[in-house]
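First comes the structure, then the notes that go with it.
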Amino acid sequence: MSYRAEYIWIDGHEPLPYIRSKTRVLDDDVAEMPIWGFDGSSTNQAPGENSDCVLKPVYECPDPIRGGNDKLVLCEVLVPDTMEPHSTNTRATCVEVYEKFKDQEPLFGIEQEYTFFEAGRPLGWPIEGYPAPQGPYYCGVGAIEISGREIVEAHTTACIEAGLAISGTNAEVMLGQWEFQIGPVDTVRVADEIWVARYLLYRIAEDFGVDASVDAKPIKGDWNGAGAHTNFSTNKMRKSYDAIITACEALGAEGKPEEHIANYGVGTEERLTGLHETAHHTEFRYGVSDRGASIRIPWQVARDGKGYIEDRRPNANMDPYVVARLITDTVCSALAD
Ligand code: ADP
Ligand code: MN
Ligand code: MN
Ligand code: MN
């Protein structure tokens with residue numbers, strides 16, 4: 001019997017890439033995923049007269065939607081002539097930085113927030129006007145507080161069945177907004193799994209006629225934006241509070257806040273206003289339990305004198321390869337022997 005492999009890649013759409021995928025039917029005896037290709041002129045990755053791009057499988061897992069022997073296959077995009085990474089391939093440099101610092105055993109847990117949309121408005125919102133103000137929705141229960149739970153449950157089950165390191169989910173502060181967390185796993189793995197989990201989210205929401213959006217500020221005004229808080233530690237940080245402080249100082253060193261924020265996704269000015277549990281995007285500060293800081297040190301970490309830090313600045317639409325690479329590079333450089 002043949003089986004289906006869903007090849008998934010990240011396209012060249014600007015300012016934010018989209019996920020693309022297509023199905024390959026493979027013979028039973030094909031165990032190693034073959035290289036494949038696609039028309040880059042339809043994904044903003046190549047000109048029409050030289051349109052071929054290469055798909056190189058880099059991460060695979062069971063396909064929980066199709067079941068059976070079917071697989072999901074996440075790919076890097078390469079240029080055919082040289083077989084070098086395509087300019088839209090942010091994974092290749094993420095792998096390089098991880099290889100450089102992997103003796104520090106970097107671990108990430110990413111909190112992916114997102115918003116369901118139906119007929120042009122957040123799921124559960126009235127046809128005209130607004131729902132009751134924020135307050136009861138975060139971790140709420142009940143039909144007035146919650147919308148989209150059946151999709152969230154289906155997505156969580158799918159992530160577990162795919163073998164992803166999903167560590168939890170919760171309803172968020174704005175009605176129709178949710179979160180899932182992936183981690184703790186290493187620099188490259190967390191980014192691979194976030195992309196596969198996003199694919200599953202879009203794909204499952206599609207069956208409900210709903211769109212899942214990672215827009216950083218889907219509704220202007222007094223409504224929470226959507227972030228991708230990025231929790232991070234190294235072996236030293238998991239042993240000493242000095243290393244925790246060194247990591248925070250490294251992220252705040254001259255030029256670093258600007259470099260990081262410029263690469264943390266689109267919509268920073270709208271989301272990082274200093275309100276709604278954010279620090280203003282022109283400010284850098286870290287603090288214990290401080291949800292208005294750029295970097296939060298969780299209270300248990302301050303109590304235990306070791307653990308991890310939370311970078312609260314990445315937007316929901318960030319590229320996890322870029323964010324995980326930058327944090328690994330900045331912090332591990334400072335903590336190197
Ligand atoms: P919050 O209180 O900010 O909502 P969450 O519980 O949503 O926090 O997310 C915390 C994340 O931190 C989880 O993804 C978890 O896997 C991750 N995490 C826990 N310990 C570590 C660690 N030592 N290093 C990196 N990430 C960690
Ligand atoms: Mn969270
Ligand atoms: Mn959250
Ligand atoms: Mn958080």
Side-chain angles (χ1 to χ4, degrees), residues 107-116 122-124 134-141 145-149 151-153 155-156 159 164-185 190-191 193-194 197-198 201 212-219 222-233 237 244 247-248 251 260-261 264-265 267-268 270-281 284-302 307-318 320 323-324 327 331:
L107 286 180
F108 283 87
I110 294 181
E111 305 167 51
Q112 175 70 65
E113 294 180 343
Y114 60 91
T115 311
F116 287 131
L123 192 67
Q134 294 185 160
Y137 307 122
Y138 170 75
C139 297
V141 264
E145 290 80 7
I146 284 300
S147 61
R149 196 189 298 276
I151 314 174
V152 174
E153 291 299 314
H155 175 251
T156 307
C159 288
L164 305 184
I166 186 164
S167 52
T169 71
N170 59 270
E172 270 303 338
V173 175
M174 186 180 99
L175 179 62
Q177 206 165 67
W178 292 84
E179 167 179 319
F180 63 84
Q181 303 106 32
I182 296 279
V185 286
V190 79
E193 292 198 16
I194 283 282
R198 283 179 181 173
L201 181 66
S213 164
V214 289
D215 192 331
K217 189 76 179 182
I219 306 293
D222 202 13
W223 300 94
N224 271 39
H229 296 167
T230 300
N231 301 274
F232 174 71
S233 66
M237 293 164 70
I244 295 278
C248 293
L251 288 163
H260 278 248
I261 266 194
Y264 276 9
T268 296
E270 288 78 40
R271 176 173 157 263
L272 298 184
T273 55
L275 302 172
H276 304 113
E277 306 176 45
T278 68
H280 196 268
H281 59 91
F284 178 89
R285 77 166 199 265
Y286 63 89
V288 175
S289 287
D290 186 353
R291 288 179 194 266
S294 322
I295 310 286
R296 176 175 68 102
I297 301 172
W299 68 269
Q300 305 94 315
V301 175
Y308 64 98
I309 58 174
E310 176 191 52
D311 190 339
R312 301 179 58 80
R313 298 168 297 172
N315 295 312
N317 56 30
M318 58 74 165
V323 170
I327 294 176
V331 175

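Both counts, for ligands and for their atoms, begin at 1 and track the order of listing.
A donor-acceptor pair under 3.5 Å links the side-chain atoms of K217 to the main chain of W223, judged by distance alone. Judged by distance alone, with hydrogens and angles left aside, the side-chain atoms of E113 form a donor-acceptor pair with the main-chain N or O of G227 at under 3.5 Å.
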Legend entry - Stepwise side chain to side chain contact (heavy atoms under 4.5 Å, CB included) check, L272 with R312: CA-CA 9 Å; L272 298 184; R312 301 179 58 80; over 6 Å; no
Inset, instruction - Begin with the C-alpha distance, continue with both residues' side-chain angles, and end with the deciding distance and a verdict on side chain to side chain contact (heavy atoms under 4.5 Å, CB included) for I261 and F284. - result: CA-CA 10 Å; I261 266 194; F284 178 89; over 6 Å; no
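Residue-level check: among N/O/S atoms of E113, OE2 sits closest to the Mn ion (ligand 3). Taking the Mn ion (ligand 3) as reference, E172 places its N/O/S atom OE2 nearest. Residue-level check: among N/O/S atoms of E310, OE2 sits closest to the Mn ion (ligand 4).
Ring geometry, F108 versus F232: the interplanar angle falls from 30° to 60°, so the pair is classed tilted.
Contact annotation: the side chain of R285 approaches that of D290 to within less than 4.5 Å [non-hydrogen atoms, C-beta and beyond].
Of all protein N/O/S atoms, those lying under 2.8 Å from the Mn ion (ligand 2) come to 2.
Of the N and O atoms on the side chains of Q134 and N224, at least one donor lies less than 3.5 Å from an acceptor on the other residue.
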